[in-house]
Amino acid sequence: MDDPLGNFANIDVEAFLRDSEKRAADFAAAQEGVAAAVGRATAADGLIAVECTA
């Protein structure tokens, strides 16, 4: 009979926590990058200019 929890009893908790912390830091950095991004465009005749942020 297969264990319904899989190999959970043998999980490396420290490695799991390190990986989780790295993923959270990567996600926070990505959020900062998106928040800092600015899109700009100007019509060919220069009469309209737009800027868009997150």
Side-chain angles (χ1 to χ4, degrees):
M1 181 174 163
D2 289 334
D3 184 354
L5 297 178
N7 201 18
F8 189 73
N10 297 321
I11 191 169
D12 181 349
V13 176
E14 295 298 323
F16 180 81
L17 290 174
R18 282 191 305 273
D19 184 58
S20 296
E21 289 169 353
K22 181 179 181 329
R23 288 176 187 262
D26 291 347
F27 184 74
Q31 282 183 309
E32 290 174 12
V34 168
V38 178
R40 292 183 181 90
T42 304
D45 59 10
L47 296 176
I48 300 173
V50 295
E51 182 174 295
C52 181
T53 64

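- Under the 4.5 Å side-chain heavy-atom criterion for Ile, Leu, Val, Met, Phe, Trp and Tyr, Leu17 and Ile11 are members of the same hydrophobic cluster.
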Which side-chain N or O atoms in residues 45-54 pair as donor and acceptor under 3.5 Å with protein atoms at least two apart or in another chain?
from: Asp45; atom 1: OD1; to: Leu47; atom 2: N; distance (Å): 2.9
from: Glu51; atom 1: OE1; to: Arg40; atom 2: NE; distance (Å): 2.9

In residues 20-30, what donor-acceptor pairs under 3.5 Å come from side-chain atoms, sequence neighbours left out?
from: Ser20; atom 1: OG; to: Phe16; atom 2: O; distance (Å): 2.9
from: Lys22; atom 1: NZ; to: Asp26; atom 2: OD2; distance (Å): 2.8
from: Arg23; atom 1: NE; to: Asp19; atom 2: OD2; distance (Å): 2.8

